[in-house]
Each structure stands twice: as structure tokens, then as C-alpha cells.
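Structure first, then comments.
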Amino acid sequence: MKRRPAKRRGSGRSKGSVGESPSSGRLTGRGDARSKALLELLDNTLSEDEVRQALAGSLIAADQAVRQRLLEGLEPPTRQALASVFSSLDRGFEIARPKPGLAKTMADWERAWGDWDECVSASGSEDGRYVYQEHHWEAPDFDASSFFSDLDKVAARIRGLIPRVSGEGLEFDFAGVLSGTVEEMGSGLPEWICTDRESRSFGSEVTAAFLEWEWHQARRGQPASHRLAAFRALESARQLESSSRQLELDGEALVAFVKARDTDEQQAALDGMSGKRGEAPWAEALGNAHSPWFHLHTELAKRFSPALAVETCRAHIDQDWRLALPVMAQLLKVRSFHEALAVADQAVRGLLRVEKGEKLDPTRELIIARSGVLHRYETGKDRVQTLLERWLRAARGASQPQLAWALSVQVSLLSCWQDFDRVREAFETEQGAAPPDVSERLFGCWKKLVIQETRPPCSWSIQTESRETNQWLGALLDALRAKSDGGAAFRDQLRDWLELNGRTASQFTKARPWFDLLTLDIGQEGRLECTSPALNKALRPYSNQDAPLDHSRRRWLGRLRAADLFDDLMALWKRWVASQVPDPGKAAGPRYEENVVWLEATRDLDPGAFARILRDWEVVHKRRRNLWAAIHKRSLAWGSRG
């Protein structure tokens, strides 16, 4: 494997620095020869644990004169470290544990970077720990996430050593280390093991260690430079990222680093970034609303320069609609309502991904029903609601009552669209403030959304759902707006629907998903199970009726006494249940559970049809062993097969 340049290998120590001092703590002169001979003798005689025990016992037993002679024979860094150990020993270890000596610190520094080098070396080995192959017929893959995770573990150790090592004036090219690591990651692997597509983002510990190293370096010298230390570290980080399109630092670690600095340094960091936001390499990062650098700059501006924060957010709303929220808050505060309306329109267009030139009118369409907002922004629903609420305040402040009423409905439906009672209340609130056509349009949009999001339970043999056969659900939603008791009118509509869709087997099959849904909805509290346990068992596996939308629908069906038509519905099931038994000849595999489930439902509702089907299967499907095993398991067979 291609190794990194020697100038960044090893400890990084340079001449004239701490590297010149003999850091092993050896005695000098005649004592040095005696020490070597003693160490060799101990090495050949005792184990490492025994040597450690002997050393501890000797230091405990040594009197002050012996200690003094021992200290005088050591180099200054080692003498100072051992003296702190004696001090702690004399006080019964009641004081804080002494800091590691310089030699110990440098040894740990060397060892950590050796482990870093070992990770980089392993990344280039085809048989190394970062190359994996799930199946022998698949090409091997490079596990970049494990590689960077291991580097993060090493960096956590390095980070703890930085204050002491940096204070010794060590010259070390940390940026060169990271750049070289990215370049050499996977170097030497065969061409068929691709590493180019893998992420090359350093983790939080590597990022924090790099920033702290640069921060300590920037603080060397006069105290006047301390205020700029944080910005200097950030500038080094930004230059490092810009040096390679593949190299990224951890955004959260960048923010955490700045938040840990004092107020003067944070202010200086904001001033430094703001002063260079039009220059390379800052322009690209601060011009991207999704960049951690943009986030960092904005957070600092909110604290030290609110006007700058608003200006920055407003200039990038097209990239991220959420940036409109602080802008609108400021505009509403100064009562610039018309300007706030313009910003709201821009933000909602971004939220809904409205194409340029396309109209957006909240009095004509339901925002929650457009462009997948309901699903794409489920986790960010609070921000969507905040945007609409501020838009509503702007509409009221700008004296636009029609828009304000429409937005009040939009705000309510965002959080309660599945609760029919709250939806009804939302449309009835301030009804006089809205023209009837606006109310009807928005109610129609909500009705369409509910029908679209209703998932009828459907057997596996039903491949499609016909939206043309859902009229009973539409009639139920219309009943919400009835001025008087709409139960009788709804039951008449439901009776007509049953008659229309139950005339033939093909019509019944086409409307099956909606028959299934209605059967489960009005067959609650055990009524369906008592009437036909087998049909209840056939429908239940495909039902997931625990959502708020399902509870609302069943509640309103109960209020409108839809269960009065339960017997009419069951009569249709008895008539057509046999037509719903799947043909075993069309089964996709050797599993026939669904065929047998519906055969059992047919036995419950139409015993004559059940007998005919079973006789036909004995002739046509007599060789399907799995089918007859499933039938026998449910005790549905008779005669020779029973």
C-alpha cells in the first residue's frame, strides 16, 4: 500500500522542540549502565506484572532521602511527573490524580497515530476488515462507515492529548493527515472493489479533534490572538473541505465547537464568516441553505445580529421554506402584513414544490392534500402549522377576511383532518365570513383526501381498488354537513348503493374492497362474528382499522344507524360469497390458505355452493396435495379425502 509522506508520519515532532529531550526518563552516566543491566536482569527473571508490583513496593518503601536521590538522577520532565506521584502517595491519594508526564503523553500520542495508520493500511487490504462480501456470488464492497467509525475512536484518544501536546510547541500538519487519509482510503484495493461511491465524511470526534488542534495552535502567542482563535480554526476547516470535493467534516461537531467558545470568540467567528461570505472558500458553503456552515452562520447571527439573520434567511427561502419562519415573525412584529403575505406565498410554494408560474390559492385547494405534504412532512408538522398560523395572522392584519377564513380551516385540518367531528366544527366556525363557494371547494378537497387515504381491507386476490365504487363513503362525508339529522337520507343512499353494486357477481367483485370495509365497520361489537365467524375470519387479516380515520368513520356510521342495513349487506354476501373463492389453479405457489379461508366462509353462508365447489375441486384439483392438506386441516373435506 502507498504510505503517507514521512513528514506527517510518526509523532510529528520537529527539531528544537520537545523531541530533542531524552523522554524515556533514563538515568545518566554510570547509573545509566547499571539501570540497563538491572532492567535486563528483571526482564529475564520476572513477569511484567511482577516488575510492576516490585516497582510499586519499592517506591512505597523508599524514604525521603532515597526519593530525592532518585529524582536527581532523572531528566526534568520525568522528575516533575514522578514528584507529583510521590506527593499524591504521601497524602494517601486524597488529592486529584497527577497528570501524565510528558514522556507518557508523547508515547500515547505516538501509539494513537500508529493505530490511525493501521486503519488506513487495513483499508487498502482486500482481506482486511473493511472489505465485506454478503454472498459469494456478489462482488466485495468497501465498508466506509466502519472505517470512519474506527478513525473516530482513535480521534477520541487523540483529542484528550491535544491540550498537553499542543502546549509543548509540537509542529503537526493535522489537515495534511486528514487529506492524506481520504486520498489513501482503499488505496491498493482491486478495481472491482469500488470506494468512490462511498461517503468520505469524518465523524464528530475527528472533526472536534481537528478543530481543537487548530484552535490551540491559533492561541499560541499574544493574548490578543485569542479572540480570533475560533474563527481561525473554522477557516482551517473550511479550507480543508474545499481542498477536496470528497472530504466532509461533521456539521454537528462544527456547531458544538463554536458553542463551547466564549462570547468574544463566537462574535469574532460571526464577523469573520460574514466578512468573507462572498469569497472562496466561504461563498459556496454560506450560499447553501442546507450546509452546516450556513446553519452555523445563521445561529450565530440570531444571537449577535438579528437583522443579519433575517436578511440571510430571506435570501435563501427558495432553498429551504423553513427559513421563512423567522422572517415572518419579524415582519409580523413590525406589522408589515402585506410583506409577510408575500414571504408566506414564497415559503408555501417551496413547501408544496409549486412550479414557477403555477397558481397557488388556499381558498381553492387544501394545502395538506397537495404534493404529499401529509406524508413528507409528518415529522415536521409543527413547522408547517407555524407557517400557516403566521400566514393567517398576516391575512387578518392585511384585512383579507376570505383568505383568513380559508387559512383558519387549513390550520385546523392540518392536525385534525382525520377527526370528522373537529373537521365539521372547523367548517362551521365563522361560517358567515366565507362565501359558500370557498367553503364547498375546501370541503370537497377534504372529502377527496379522506377517500384517497382510506385503505379498504382487501384480499390478496383483489389486485386493484375501484374508486368509482366508494359512493357510500362519499355519502357518509356529505352527511357531516347536513343541517338536520341526515341519518335517514344516508341510509337511503347506502341502500341504493347496495342494490346497485350487488346485482351481479362481477359488480360485487368490483366493489369488494368497499363491501369489505362496510362489513367490518357496521359489524362491530361481535355482530359479524356471531353471524358468520368464517367471513369475519376471512376479512380480519386484511384489516388495519386502528387509525384515527377508521375510528371517525365507524363513529359516524354508528350515529347515522348504518347498522340497520346489516341484514341487507349479509344477504348480498350470501348471494355472492361463492364467487369470491379464489381458483386454486391460479395460485402463485403451493400455499392455499386464502382459498380455504373463503371456502370456509362459503360453507357458513351458502352450504349448497360450498358442496358444489368441493366436488369440482375433487375432480379438477385432485393432485394438489397442499390444497387438500389445508382443507383437511380446517375439517372441510368429507368422504375419501376427509
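From a predicted model like this one, the values you see are computed outputs, not experimental measurements. Computed over heavy atoms, backbone and side chain alike; hydrogens, waters and symmetry mates excluded.
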To check you understand the geometry: which heavy-atom pair defines the closest contact between Cys313 and Leu323, and what is its length?
CB-O, 3.4 Å

Could you check whether any side-chain N or O of His290 sits under 3.5 Å from a backbone N or O of Gln319, counting only pairs where one atom can act as donor and the other as acceptor?
yes

For Arg349 and Lys356, indicate whether the former's side chain and the latter's backbone hold a donor-acceptor pair under 3.5 Å.
no

Residue pair Asp419 / His551, side-chain heavy-atom distance below 4.5 Å:
no

Kindly determine whether Asp271 and Gln267 satisfy side chain to side chain donor-acceptor pair (under 3.5 Å), including the steps that lead there.
CA-CA 6 Å; Asp271 295 342; Gln267 175 76 67; 3.1 Å; yes

In terms of side-chain heavy atoms, does Trp215 have a donor or acceptor partner in Glu265 at a distance below 3.5 Å?
yes

Start with the C-alpha distance between Asp143 and Ser146, add both sets of side-chain angles, then the distance that settles side chain to side chain donor-acceptor pair (under 3.5 Å), and finish with yes or no.
CA-CA 6 Å; Asp143 187 3; Ser146 293; 2.4 Å; yes

Taking the ring centre of each residue, are Trp497 and Trp514 less than 6.0 Å apart?
no

Could you give the distance from CG (Asp516) to CG (Leu539), rounded to the nearest 0.5 Å?
5.0 Å

How long is the gap from CZ on Arg540 to CG on Leu535, to the nearest 0.5 Å?
10.0 Å

Angle between ring planes, Phe202 versus Phe148, binned at 30° and 60°: parallel, tilted or perpendicular?
perpendicular

Looking at Gln239, I want to see if its CD is surrounded by more than 12 non-hydrogen atoms of other residues, nucleotides or ligands under 6.0 Å.
yes

Return yes when atom CD of Glu355 has more than 12 non-hydrogen atoms of other residues, nucleotides or ligands closer than 6.0 Å, and no otherwise.
no

With Trp446, which of Ile368, Val409, Leu366 fulfils side chain to side chain contact (heavy atoms under 4.5 Å, CB included)?
Leu366

Is it the case that Arg441 places NZ or CZ above or below the six-membered ring of Phe443, under 6.0 angstrom from the centre and within 45 degrees of the axis?
no

Thinking salt bridges, do Arg424 and Glu428 make one under a 4.0 Å N-O criterion?
yes

